[in-house]
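Worth saying up front: this structure is predicted, and the values here are computed from it rather than measured. Here, residue 1 is the first one in the sequence, and each next residue gets the next number. Values below: all heavy atoms of this structure, side chains included; hydrogens, waters and symmetry mates excluded.
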Amino acid sequence: KQTLYRAIEPALKPHALVATSTSGLLLSDLQEGFREPWRLVLAHPFNPPHLVPLVELYANERTHPEALEWTERFYSALGKVPVRLNKQVPGHIANRMQAAIIREAVHLAAEGVASVADIDKAITAGPGIRWAIMGPHMITYLATGGAGVDVFWERYLPAFESWWADLGQPKLTPALVAELARGVAAEAAGRSAEELAAERDRMILHILAARDGEAEDAS
């Protein structure tokens with residue numbers, strides 16, 4: 001990407017910004033490709049980006065002071081939902097949380113706690129439904145009936161600490177990868193990747209339509 005940036009920079013208009021969609025590379029490293037690093041803003045969408053509204057934004061001390069505000073306005077005008085990172089971390093926000101869930105999903109399968117299909121169902125038929133509506137911090141608030149996030153952690157911290165201590169760090173051996181592949185194939189039940197992606201996209205549109213409908217009703 002640094003080579004690409006060096007190639008395109010001479011053709012950029014004087015005040016043009018460049019938004020990078022990288023999910024793993026750091027903004028500070030990517031800026032080394034520019035003579036004028038103030039141009040670069042991290043703007044990472046989430047797959048499939050034509051449907052999922054999330055865009056993670058980050059700018060650092062080398063970025064133009066107004067670049068982040070302009071980028072946020074730009075993506076909001078497109079109907080996206082921008083969120084800001086206050087500091088640079090690998091994987092940003094959503095991919096780090098996703099990685100944590102996938103790590104434990106792999107661990108549960110490796111330990112034989114449940115089948116691959118049932119581990120997936122435990123998310124899609126459980127917390128995944130809530131997470132499509134509200135994030136984990138708001139869910140902790142609602143779990144107390146409105147008594148407060150502090151009350152949630154007073155009540156449940158010992159349980160969460162015991163779960164956190166027991167979370168796995170699986171080693172993805174060839175045998176484990178093969179087991180996961182067999183589980184996914186069984187869950188797919190003969191449907192192709194194209195069919196599964198179409199199902200995913202169709203359901204994303206249903207969820208977004210439901211969310212938009214609720215927002216219109218509230219207004």
I'd like a table of donor-acceptor pairs (distance under 3.5 Å, sequence neighbours excluded) in which one partner is a side-chain atom from residues 92-112, with atom names and distances.
unit_1, atom_1, unit_2, atom_2, d
H92, NE2, T22, O, 2.9
N95, OD1, Q98, NE2, 3.1
R96, NH1, P90, O, 2.9
R103, NE, G168, O, 3.3
E104, OE1, G168, N, 3.0

Can you confirm whether P48 sits close enough to R200 that some side-chain heavy atom of one is under 4.5 Å from a side-chain heavy atom of the other?
yes
Tightest non-hydrogen contact, residues G33 and R6, listed as O-CG, 3.0 Å
Residues at least two apart in sequence or cross-chain that pass side chain to side chain contact (heavy atoms under 4.5 Å, CB included) with V151, listed by chain then number, are T144, A147, R155
Nearest heavy-atom contact between L196 and A188 is CD1-CB, 4.0 Å
Only one of E61, R62, Q88 passes side-chain contact (heavy atoms from CB on, under 4.5 Å) with S28, and that residue is Q88
Closest non-hydrogen contact found for I129 with T124 is CG1-O, 3.3 Å
Result block: side-chain N/O donor-acceptor pairs under 3.5 angstrom for residues 66-75, not counting sequence neighbours:
unit_1, atom_1, unit_2, atom_2, d
T71, OG1, A67, O, 2.7
E72, OE1, R84, NE, 3.1
E72, OE1, R84, NH2, 2.8

Open item on the list: Please determine whether residues W38 and L42 belong to a single hydrophobic cluster, defined as Ile, Leu, Val, Met, Phe, Trp and Tyr linked transitively by side-chain heavy-atom distances below 4.5 Å.
Closed with: no
Shortest non-hydrogen pair, L12 vs F34, comes out as CD1-CE2, 4.2 Å
Validation row, ring centre F160 to ring centre Y156 under 6.0 Å: no
Open item on the list: Is it the case that atom NZ in K121 sees more than 12 heavy atoms from other parts of the structure closer than 6.0 Å?
Closed with: no
F46 meets the ring-ring contact (aromatic ring centres under 6.0 Å, His included) criterion, sequence neighbours left out, with none
Check: Are F152 and Y141 connected in a single hydrophobic cluster, I mean Ile/Leu/Val/Met/Phe/Trp/Tyr linked by side-chain heavy atoms less than 4.5 Å apart?
Finding: yes
The side chain to side chain donor-acceptor pair (under 3.5 Å) partners of E36 (sequence neighbours excluded) come to R39
Sorted by chain and number, sequence neighbours left out, ring-ring contact (aromatic ring centres under 6.0 Å, His included) with W131 holds for none
- Query: Under a single-linkage definition using a 4.5 Å side-chain heavy-atom cutoff for Ile, Leu, Val, Met, Phe, Trp and Tyr, are V52 and L85 assigned to the same hydrophobic cluster?
  - Reply: yes
#### Entry: side-chain contact (heavy atoms from CB on, under 4.5 Å) assessment of V116 paired with L180
CA-CA 7 Å; V116 168; L180 296 173; 4.1 Å; yes
Short side-chain to backbone donor-acceptor contact, K80 and P49, under 3.5 Å
yes
When you measure from the side chain of Q31 to the backbone N and O of P37, does any donor-acceptor pair fall under 3.5 Å?
-> yes
Nearest heavy-atom approach of I207 to A132 is CG2-CB, 4.2 Å
